[in-house]
Amino acid sequence: MEQSIKHIGVFTSGGDSPGMNTALYAIAKTAEVGDIKVSGFRKGYEGLIDGDLVQLKSRELQKITQKGGTILKTARSKRFLELEGRKKALHTLKTNNIDALIAIGGDGTFKGLLAFLEICDIPFIGIPGTIDNDIFGSDYTLGFDSAVNTAIENIDKIKDTAESHNRVFVVEVMGRDSGYIAIYSGLMVGADAILIPESSKDFINLLDKVKNYDSEDAFLVVVSEGDEIEAELVSSKIKEINPNVDLRVTRLGHIQRGGNPSALDRMLGIRLGVAAVKTLLQCKKNVMARILNNQLHLTPF
Ligand code: F6P
């Protein structure tokens with residue numbers, strides 16, 4: 001059974017992630033095949049509340065499909081946390097005759113959708129877009145692979161100088177409460193220790209290793225920003241145990257969020273964008289489209 005949808009609204013929300021523009025392009029292109037209009041809301045839920053929308057055309061989006069960030073801009077909306085804000089957003093959807101909504105974002109975005117469900121009868125689909133890879137049940141979230149590639153590229157450089165000086169480097173990567181970026185990038189650069197929020201033993205292991213470190217080589221620690229022990233503290237503990245070390249701390253920061261999406265993220269953006277529109281046309285609603293074991297799955301919110 002095909003659902004009669006004439007106008008889809010889409011927005012990006014939370015932290016931007018490489019691949020969001022690719023997904024927007026795929027959504028617009030797939031919708032146009034079915035003669036469906038697509039409007040993009042600017043600045044995530046803020047645009048929904050304020051009625052700030054723009055029509056999206058695949059021909060235009062095709063030009064920026066390879067670019068990082070999000071052409072629609074993004075925000076973490078405080079107003080949408082309030083019922084008043086959500087009522088205004090519903091009003092926007094109704095007055096603009098939006099039949100369905102696609103949200104691209106992370107866990108905060110999806111929590112917002114869940115709350116919206118209580119008052120909104122318009123079907124929606126979620127696309128997991130965050131560098132943190134912290135959405136349960138999907139192989140990768142949109143942007144994670146690109147962020148890891150950026151982290152690797154930069155840590156490789158740090159490793160060059162660390163090797164040259166026989167220095168200890170503590171490199172902090174992003175991920176909020178999730179250690180995926182740290183694990184992936186740490187393994188791929190050959191780190192001596194990786195500290196993630198999901199483990200507390202990793203710090204004890206690090207201290208054990210560092211006790212016998214003789215400064216005859218580099219020593220590289222990759223620590224996730226969400227770890228219970230943050231980078232500066234890690235560094236002072238290392239110095240406490242081994243006062244002779246020559247140590248530097250580098251925080252990679254928002255560099256991990258920018259840049260053109262990797263091949264994997266572009267493909268993910270295309271697959272999830274196409275799937276989101278097709279899912280709506282198949283009368284399914286209020287699910288997240290995700291790829292697990294390289295297969296498309298739909299998960300109820
Ligand atoms: O959720 C994505 C993320 O980049 C996290 O890894 C990080 O903790 C956070 O956003 C940073 O947020 P902001 O851009 O508001 O500083």
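All of these numbers come straight from a predicted model, not from anything done at the bench. Each ligand, and each atom within it, is numbered from 1 in the order the structure gives.
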Could you walk me through whether Ile131 and Met174 pass side-chain contact (heavy atoms from CB on, under 4.5 Å), step by step? CA-CA 8 Å; Ile131 64 165; Met174 274 188 168; 3.8 Å; yes

What do you reckon, does Gly15 have a nitrogen or oxygen under 3.5 Å from a nitrogen or oxygen of ligand 1? no

Suppose we call two aromatic rings close when their centres sit under 6.0 Å apart. Are Tyr184 and Phe144 close by that rule? yes

What about Tyr140 and Tyr180, are their ring centers closer than 6.0 Å? no

Ile181, portion touching ligand 1 at heavy-atom distance under 4.0 Å: neither

Nearest-contact summary for [atom] - protein heavy atom, Å:
atom: atom 4 (O) of ligand 1; result: Arg257 NH1, 2.8 Å
atom: atom 16 (O) of ligand 1; result: His254 NE2, 3.0 Å
atom: atom 9 (C) of ligand 1; result: Arg176 NH2, 3.6 Å
atom: atom 2 (C) of ligand 1; result: Asp132 OD2, 3.4 Å

Interatomic distance, Leu252 atom CG to Thr150 atom OG1 [nearest 0.5 angstrom]: 9.0 Å

Roughly how far, to the nearest 0.5 Å, is CD1 of Ile98 from CD1 of Ile5? 11.0 Å

Can you tell me if Gly175 has a non-hydrogen atom under 4.0 Å from ligand 1? yes

Positive for side-chain hydrogen bond (donor to acceptor under 3.5 Å, both in side chains) with Ser13, one of Thr109, Thr70, Thr74, Thr130: Thr109

Return the option from Arg76, Met174, Gln256, Glu225 holding the heavy atom at the smallest distance from atom 12 (O) of ligand 1. Arg76

